[in-house]
Structure formats: C-alpha cells, structure tokens
Amino acid sequence: MLQQLKEATDFIRRRIKHKPEVGVILGTGLGNRFVKAIKRQTIINYNVIPHFPISTVATHKGQLVVGEVNGKQVITMRGRLHYYEGYSMHQIALPIRVMKMLGVEVLLISNAAGNLNPNWKKGELMLLDDHVNLMPDNPLRGENYEVLGPRFPDMSEPYSQPLQKKLSAIARKKKINIHRGIYAAVQGPSLETRAEYRYLRTIGADAVGMSTVPEVLAARHCGMACCAVSVLTNDCNPDKPAAVKLESIVKVAGKAEKNLVTLFTGLIASL
Ligand code: HPA
C-alpha cells in the first residue's frame with residue numbers, strides 16, 4: 001500500500017507547480033461553483049493517476065483540480081468516491097493519504113445529507129461537530145502503517161474546533177445561517193425507512209448521509225485537521241414520509257452551493 005501511495009503522489013507532484021496546503025472534497029451537486037473559484041488550475045483525471053479509484057456516479061466528475069484560492073494552494077476532489085459504489089474503504093482513503101503526502105494539512109469536506117432535526121429545514125446548512133459511523137467498515141481496518149498514523153487514532157475531536165469557530169465567524173459576518181450538529185454515516189445506496197429515521201433521531205443524529213466519515217477517519221489518522229459542511233437536501237420526517245429523489249437532492253444542493261463556496265473560500269483565506 002505504501003508503494004501505491006508513493007506512486008500516486010509522485011505522479012501528481014510531477015504535474016503541479018506548488019505544494020498544496022488545503023484539500024477539498026466536493027459532495028453531490030456541490031462541484032461547479034467552487035471549482036470556478038480556483039485560479040491557475042491544473043486538472044488531473046482520476047483515471048490517469050496510478051492506483052486512483054474512478055468515480056462511477058453520473059453527478060460526480062472524477063477529477064483533481066489543483067490551483068489557488070485566496071492565495072492558498074488547494075487540491076480539490078471533484079467527484080468523491082462512495083462506499084455504495086463498491087469501492088473498498090482502503091480505496092476511499094487513498095486520495096486522502098495522497099493529499100497528506102503532497103503536504104495537505106487541512107481538509108474541507110462538503111456533502112449532501114438528509115435533515116433529521118425537526119427544528120431545521122431542507123436547503124439549510126449544517127457544520128459537522130461530530131459523527132456516528134454506521135457504515136459496516138472502517139478504512140483503518142487491517143495492517144496499520146505507523147508512518148501514516150497510529151493504530152488507535154483518537155476521535156475526541158474529529159472536526160477541528162478552531163476551524164469550526166472560524167467557519168462560524170465567517171457565516172455570521174456573511175449572514176449565512178448554519179446549524180451545528182451530528183452526522184450519521186450509512187452505507188446506502190437505498191435511502192432510509194421511516195423506522196430508520198426514528199432510530200437515527202433517537203441516537204442523536206441531526207443529519208444522515210452516505211459519505212464523509214471514511215475520509216475523515218483516514219484524514220484524522222494521518223493528522224489532518226478536518227472541517228465539514230452538510231447541505232440538508234431533504235427532510236427526513238418519520239411522521240410525514242416523502243419520497244427522496246436524486247434530482248431534487250441535486251437541485252437543493254445547487255441552490256445552497258453559493259453559500260457553501262462563500263464559507264469555504266472565506267475559511268481558506270483565514271488559514
Ligand atoms: N439519506 C441518506 N443520504 C442522503 C440523504 C438522505 O436522506 N439525502 C442526501 N444524502
């Protein structure tokens with residue numbers, strides 16, 4: 001595995017001019033506007049990078065976009081890899097580890113998620129303060145490579161408190177309404193039943209989605225600071241069930257994209 005990481009890292013390093021400092025992962029329906037904000041872009045398709053998994057979801061592009069945002073060097077995954085697509089957790093962790101080997105210390109993540117909190121509404125944003133991993137696997141399972149990180153990485157602060165404070169301050173300044181809460185990660189791809197919505201509320205989750213946690217586990221393992229924002233694309237009300245459609249998720253995410261980009265570009269400037 002270390003050899004694969006090295007080959008992928010060397011391949012990317014040869015194609016970029018500067019060492020990236022910030023990694024960004026863009027979720028469902030949340031790609032285009034942020035990518036437009038990246039200056040002096042180098043685009044590398046996943047399918048040419050050795051050992052890189054290839055994104056299979058139609059709404060995800062499968063490119064690394066490397067360049068500059070507010071004076072900082074960023075490397076962006078346009079098109080994330082989901083466990084439900086059939087990738088192993090190790091495959092999902094690979095790009096995160098490659099980012100770390102390239103020099104990235106801060107990882108910003110966006111995702112589309114279902115809203116479980118009865119006081120919140122779809123279309124709003126949630127800053128992740130914590131998560132519950134309900135996926136059946138963990139990217140850190142198996143042999144541990146001490147050069148990457150410890151066998152039993154601490155998870156008392158999966159989402160950096162200083163980054164949360166910075167992002168909240170930017171939201172206040174820009175008058176963007178953002179909640180703070182707990183994200184439950186499920187494997188998908190089927191959406192949740194009403195009984196599952198009730199269960200997820202009972203265990204304290206505010207939002208549910210099919211991503212983010214594997215990347216955060218891999219990132220925390222290798223010591224990167226994480227900050228993640230969910231766009232609440234649909235309401236998950238067990239007493240008022242409504243069919244969830246991908247087109248609607250993508251549409252709601254698209255409407256929230258502007259605020260998300262304001263928050264991320266503002267946070268990058270403040271680093
Ligand atoms: N459930 C799981 N994942 C999701 C949802 C949802 O309701 N909405 C967007 N991603």
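Ligands are counted one by one from 1 in listed order, and the atoms in each one are counted from 1 as well. In this text, all values refer to a predicted model and were calculated from it rather than measured experimentally. The first residue in the sequence is number 1, and the count goes up from there.
In this structure, V244 has no heavy atom closer than 4.0 Å to ligand 1.
Side-chain contact check for I178 versus L167: some heavy-atom pair is nearer than 4.5 Å.
Looking only at heavy atoms of the protein, atom 4 (C) of ligand 1 is closest to V208 O, 3.6 Å. For atom 5 (C) of ligand 1, the closest heavy atom belonging to the protein is G114 N, 3.4 Å.
Every atom of ligand 1 with a heavy atom of I249 under 4.0 Å away is listed here by number and element: 8 (N), 9 (C). Against a heavy-atom cut-off of under 4.0 Å, T233 is close to the following atoms of ligand 1: 8 (N), 9 (C). In summary, the atoms of ligand 1 found under 4.0 Å from a heavy atom of N234, numbered by their order in the structure, are 5 (C), 6 (C), 7 (O), 8 (N), 9 (C). Below 4.0 Å from some heavy atom of M210 lie the following atoms of ligand 1, by number and element: 2 (C), 3 (N). Numbered from 1 in the order shown, with element, the atoms of ligand 1 that lie under 4.0 Å from a heavy atom of E192 read 1 (N), 2 (C), 6 (C), 7 (O). Under a 4.0 Å criterion applied to the non-hydrogen atoms of L191, ligand 1 contributes the atoms 1 (N), 2 (C), 5 (C), 6 (C), 7 (O). When each atom of ligand 1 is checked for a heavy atom of A112 under 4.0 Å away, the hits are 9 (C), 10 (N). Atom numbering of ligand 1 starts at 1 in the shown order; those under 4.0 Å from a heavy atom of C236 are 7 (O).
Between the K166 side chain and the S270 main chain, a donor and an acceptor come within less than 3.5 Å of each other.
When all heavy atoms are compared, the tightest approach of P20 to V74 is CB-C, 4.3 Å. Pairing each heavy atom of P139 with each of A93, the nearest pair is CB-CB, 3.9 Å. The shortest non-hydrogen separation linking Y84 to G188 is CB-C, 4.0 Å.
Ionic pairing of K6 and D10 is present here: one or more N-O contacts between side-chain nitrogen and carboxylate oxygen are shorter than 4.0 angstrom. Between E21 and K72, none of the side-chain N atoms (NZ, or NE/NH1/NH2) sits under 4.0 Å from a carboxylate O, so this pair counts as no salt bridge.
With a 6.0 Å cutoff to the six-membered ring centre and a 45° limit on the axis angle, R201 does not count as a cation-pi contact of Y197.
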